[in-house]
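Okay, so here's the structure we're looking at.
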Amino acid sequence: GTGHISTMAASHCTSDVCFAFITVQTRVAYAEALEQVNVPFCDELPSRQAQLAALRNTEEFDVLVIGGGATGSGCALDAVTRNLKTALVERSDFSSGTSSRSTKLIHGGVRYLQKAIMKLDYEQYMMVKEALHERANLLEIAPHLSAPLPIMLPVYSWWQLPYYWAGIKMYDLVAGAQCLKSSYVLSKNKALELFPMLKRDKLVGAIVYYDGQHNDARMNLAIALTAARYGAVAANYTEVVHLLKRTDPETGKERVCGARCRDVISGQEFEVRAKCVINATGPFTDSLRKMDNEKSPKICQPSAGVHIVMPGYYSPDNMGLLDPATSDGRVIFFLPWEKMTIAGTTDSPTEITAQPIPTEEDINFILTEVRNYLSPDVEVRRGDVLAAWSGIRPLVTDPSSKDTQSICRNHIVNISESGLVTIAGGKWTTYRAMAQETLDATIKAHHLQAGPCRTVGLMLEGGKGWTPTLYIRLVQDYGLEVEVAQHLAATYGGRAFEVAKMAQVTGQRWPIVGKRLVSEFPYIESEVHYAVKEYACTAIDVLARRTRLGFLNVQAADEALPRIVHIMGKQLGWSEQKKQEELNAARTFLYQEMGYKTRSEQLTNTTEISLPLSEVDRYKKRFHKFDKGNKGFITTVDVQQVLESISVQIDENTLHEILNEVDLNKNGQVELNEFLQLMSAVRKGRVSDSRLAILMKTVEETLEERGLVSVDRSGGGV
């Protein structure tokens with residue numbers, strides 16, 4: 001989250017001796033690493049135009065990385081800090097694929113350890129051990145973006161308590177000196193005190209263990225920006241049209257020697273030459289392998305994972321929940337994130353697409369599982385799903401293994417006959433180790449002159465200069481709201497001051513600077529200005545990845561969109577037509593990929609009215625308080641008149657918006673039938689926070705109260 005991440009990180013920095021040990025170790029490694037690596041762009045990042053020019057004009061790079069997700073960005077950072085001349089191209093935005101659509105956990109994988117013990121699988125065990133080492137490193141190198149998070153495992157039968165306790169203690173043991181904090185057992189009462197929304201029935205107790213949590217898209221961006229600061233030439237919206245090849249004079253074989261690229265924004269094409277090319281394209285691994293050799297076997301087995309975001313009140317501020325055995329055997333996490341609650345994930349085979357869409361079926365599966373764990377007092381409503389998204393996990397089969405069906409749980413590094421290096425599979429947490437392994441293999445196969453790997457302990461963008469109390473200086477020096485300052489510190493770390501400097505004066509007594517993009521979120525306008533410096537090229541880049549508004553609340557994102565487009569348009573010199581295109585593209589993104597479509601389909605022309613007769617009468621009476629002339633519909637004028645009678649003022653544009661949410665046939669008025677459809681959907685929990693429903697209810701209550709007063713004053717009436 002924003003505020004609580006800072007304080008969590010504060011506690012993880014001070015309270016644990018075992019974690020302090022790894023901190024000292026990595027600091028030493030970091031100090032050694034820095035001595036040997038120059039940082040050419042420490043103060044100012046080169047512009048995207050400068051990066052494109054460098055791609056065009058460099059005679060030959062040592063390494064060209066294709067793919068700007070966590071793994072590709074990690075490869076670029078690893079390569080450039082080994083003093084290799086490095087280029088990184090990404091056809092969309094950094095982290096636009098799977099890397100921004102994760103569960104936001106930095107974890108070793110409790111369930112993998114369970115499998116390792118049950119099946120005595122050494123490979124699984126080593127995978128968990130490596131992930132736990134990487135978890136400690138990631139929390140150390142980006143302390144502003146990550147922090148330990150306690151996760152509760154509720155236990156509903158006595159025999160499970162020792163079973164789960166032993167498993168979780170093993171997890172601590174495997175982490176060894178890099179254990180974040182020790183796990184512990186809670187009594188039923190203590191568990192309910194910490195997680196009051198939990199189902200009480202049959203609850204025996206709970207076990208709490210620690211994993212890491214991060215802001216995934218910002219973490220990915222931090223890796224890419226750090227690579228750029230160290231001198232890697234990194235360009236987003238640069239797609240590979242085809243690979244370049246040359247014939248090796250010694251062997252007579254074709255070798256990959258670069259790629260023909262296209263700047264997606266201008267349409268210009270150019271060639272980028274490199275001694276070797278790394279394919280880090282996640283779910284799109286196979287399309288690049290086929291570019292190299294049409295006969296390459298497919299290695300990617302894509303699987304879709306859907307997550308939903310619900311209001312923050314569904315979970316405590318600083319405690320996650322793990323459901324280890326759902327109705328179909330999948331694991332569901334229920335976690336606080338950015339002051340909201342994230343729930344997921346599903347796991348189902350899918351087609352490979354750049355725009356995965358969350359389905360209603362998946363959303364309802366997650367909601368059903370959540371209902372199983374929460375108290376019956378908490379009504380889990382479909383209308384509380386504020387955003388939903390689907391990410392494609394690129395599970396892989398090893399092309400060199402005999403059994404092609406066996407899905408590799410870990411990652412694979414493969415070098416084709418023509419020298420194309422492919423890194424595929426793996427998980428977010430282990431991106432750095434995967435990059436190290438990839439570069440080791442690349443240097444060996446291509447006989448490159450390079451230094452050792454220096455990424456352990458190497459601080460990422462914003463990590464340097466961050467402290468848990470940094471936000472206080474932002475409040476004191478700039479007059480920012482506390483929530484905004486906490487958010488800036490947790491997002492930009494030591495670079496938060498650059499964003500604060502760009503913030504405009506509000507003209508109010510408080511806050512002095514920092515105009516919010518939308519009232520209920522701490523994102524401010526100067527972040528849009530700063531996003532352009534961070535290579536944001538489209539409104540979607542800002543909505544989804546520079547800020548996380550699109551992932552947190554689609555309606556709020558839609559509301560902030562015109563302002564974002566206006567600011568970016570000014571900075572990037574967009575024409576009116578280009579601004580309109582950006583608005584349309586971002587709305588399509590929110591509608592399809594962020595769950596707005598499934599949200600808006602909860603109330604349609606075909607919504608059934610299933611209300612008891614008594615309630616239909618009650619709602620009809622409420623409607624007629626506004627529809628004075630019994631026309632059968634109400635307009636903004638009707639609502640305005642009733643509001644004036646009770647001395648309430650709402651501006652006309654806002655009223656139009658409020659009615660438009662319910663006006664299903666879009667004829668500028670709300671018919672009685674539409675109002676009953678709305679109330680039916682509200683009663684079922686399909687729609688929540690409907691402004692019209694709440695407005696009409698409060699107006700009715702106010703009118704009734706006034707009615708009672710006037711009767712009393714007249715001495716009781718007839």
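Heads up: numbering here begins at 1 and tracks the sequence. The model shown is predicted, which means the values in this text are computed figures rather than measured ones.
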Check whether any side-chain N or O of [X] sits under 3.5 Å from a backbone N or O of [Y] as a donor-acceptor pair, and report yes or no.
| X | Y | result |
| --- | --- | --- |
| Glu527 | Ile524 | yes |
| Lys181 | Pro150 | no |
| Trp389 | Pro358 | no |
| Arg686 | Val682 | no |
| Lys169 | Ser183 | yes |
| Thr350 | Pro302 | no |
| Thr455 | Leu458 | no |
| Lys339 | Gly312 | no |
| Thr346 | Gly305 | no |
| Ser100 | Gly97 | yes |

Any side-chain heavy-atom pair from [X] and [Y] closer than 4.5 angstrom?
| X | Y | result |
| --- | --- | --- |
| Leu386 | Leu552 | no |
| Thr368 | Arg371 | yes |
| Asn318 | Leu149 | yes |
| Leu186 | Met152 | yes |
| Pro336 | Asp317 | no |
| Ser95 | Asp216 | no |
| Phe334 | Asp323 | no |
| Tyr184 | Tyr210 | yes |

Determine the sole option in Asp347, Thr359, Ile366 for which the side-chain contact (heavy atoms from CB on, under 4.5 Å) test with Val306 is passed.
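The passing option is Ile366.
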Can you name the one residue among Ile472, Val475, Leu474 that meets side-chain contact (heavy atoms from CB on, under 4.5 Å) with Val482?
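In the set Ile472, Val475, Leu474, the residue that makes a side-chain contact (heavy atoms from CB on, under 4.5 Å) with Val482 is Val475.
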Report yes if the distance between the aromatic ring centroids of Tyr523 and His487 is under 6.0 Å, otherwise no.
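Yes: the rings meet the under 6.0 Å criterion.
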Could you walk me through whether Asn215 and Glu338 pass side-chain contact (heavy atoms from CB on, under 4.5 Å), step by step?
CA-CA 8 Å; Asn215 182 340; Glu338 298 285 333; 3.6 Å; yes
Can you see which heavy atom on [X] is nearest to which on [Y], and at what distance?
| X | Y | value |
| --- | --- | --- |
| Ser73 | Gly68 | OG-O, 3.4 Å |
| Cys179 | Arg135 | CA-NH2, 4.2 Å |
| Leu335 | Gln213 | CB-NE2, 4.0 Å |
| Ala489 | Leu470 | CB-CD2, 3.7 Å |
| Ile412 | Thr397 | CD1-O, 3.8 Å |
| Gly462 | His144 | C-CE1, 3.5 Å |

Qualifying residues under salt bridge (charged side-chain N to carboxylate O under 4.0 Å, His left out), relative to [X], sequence neighbours excluded:
| X | answer |
| --- | --- |
| Arg683 | Glu615 |
| Lys597 | Glu601 |
| Asp93 | Arg545, Arg546 |
| Glu360 | Arg382 |

If the condition is side chain to side chain donor-acceptor pair (under 3.5 Å), which residues does His307 pass it with, not counting sequence neighbours?
Thr103
Using the side chain to side chain donor-acceptor pair (under 3.5 Å) criterion, which residues pair with Glu461? Sequence neighbours excluded.
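Residues passing side chain to side chain donor-acceptor pair (under 3.5 Å) with Glu461: Arg229, Arg495.
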Assess, by modelled atom type and distance only, whether the side chains of Ser182 and Asp172 contain a donor and an acceptor separated by less than 3.5 Å.
no
Residue pair Ser303 / Arg393, side-chain donor-acceptor N/O under 3.5 Å
yes
Within 45° of the six-membered ring axis of Phe551 and under 6.0 Å from that ring's centre, is NZ or CZ of Lys104 located there?
yes
Evaluation steps, salt bridge (charged side-chain N to carboxylate O under 4.0 Å, His left out), between Glu483 and Arg516
CA-CA 11 Å; Glu483 192 192 2; Arg516 290 188 180 216; 2.9 Å; yes
To the nearest 0.5 Å, tell me how far [X] [atom1] sits from [Y] [atom2].
| X | Y | atom1 | atom2 | answer |
| --- | --- | --- | --- | --- |
| Ser390 | Met594 | OG | CE | 9.5 Å |
| Leu113 | Met118 | CG | CE | 11.0 Å |
| Ile392 | Ile352 | CD1 | CD1 | 7.0 Å |
| Asn220 | Phe94 | CG | CZ | 8.5 Å |
| Leu153 | Trp165 | CG | CH2 | 14.5 Å |
| Tyr431 | Leu77 | OH | CG | 7.0 Å |

side-chain contact (heavy atoms from CB on, under 4.5 Å) assessment of Glu379 paired with Asp384:
CA-CA 10 Å; Glu379 189 191 349; Asp384 285 333; over 6 Å; no
Does the pair Val518 and Asn553 meet the rule for a side-chain contact (heavy atoms from CB on, under 4.5 Å), with working shown?
CA-CA 11 Å; Val518 56; Asn553 187 324; over 6 Å; no
For the residue pair Tyr209 and Tyr171, does the interplanar ring angle fall in the parallel (under 30°), tilted (30 to 60°) or perpendicular (over 60°) class?
perpendicular
Heavy-atom count around Arg200 CZ within 6.0 Å, excluding the residue itself: above 12?
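Counting neighbours around CZ of Arg200, 12 or fewer heavy atoms of other residues, nucleotides or ligands fall under 6.0 Å, so no.
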Does atom CD of Glu351 have more than 12 heavy-atom neighbours from other groups under 6.0 Å away?
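No, not enclosed.
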Glu534 and Tyr492: CA distance, side-chain angles, deciding distance, side-chain contact (heavy atoms from CB on, under 4.5 Å) verdict:
CA-CA 11 Å; Glu534 295 182 318; Tyr492 304 96; 3.9 Å; yes
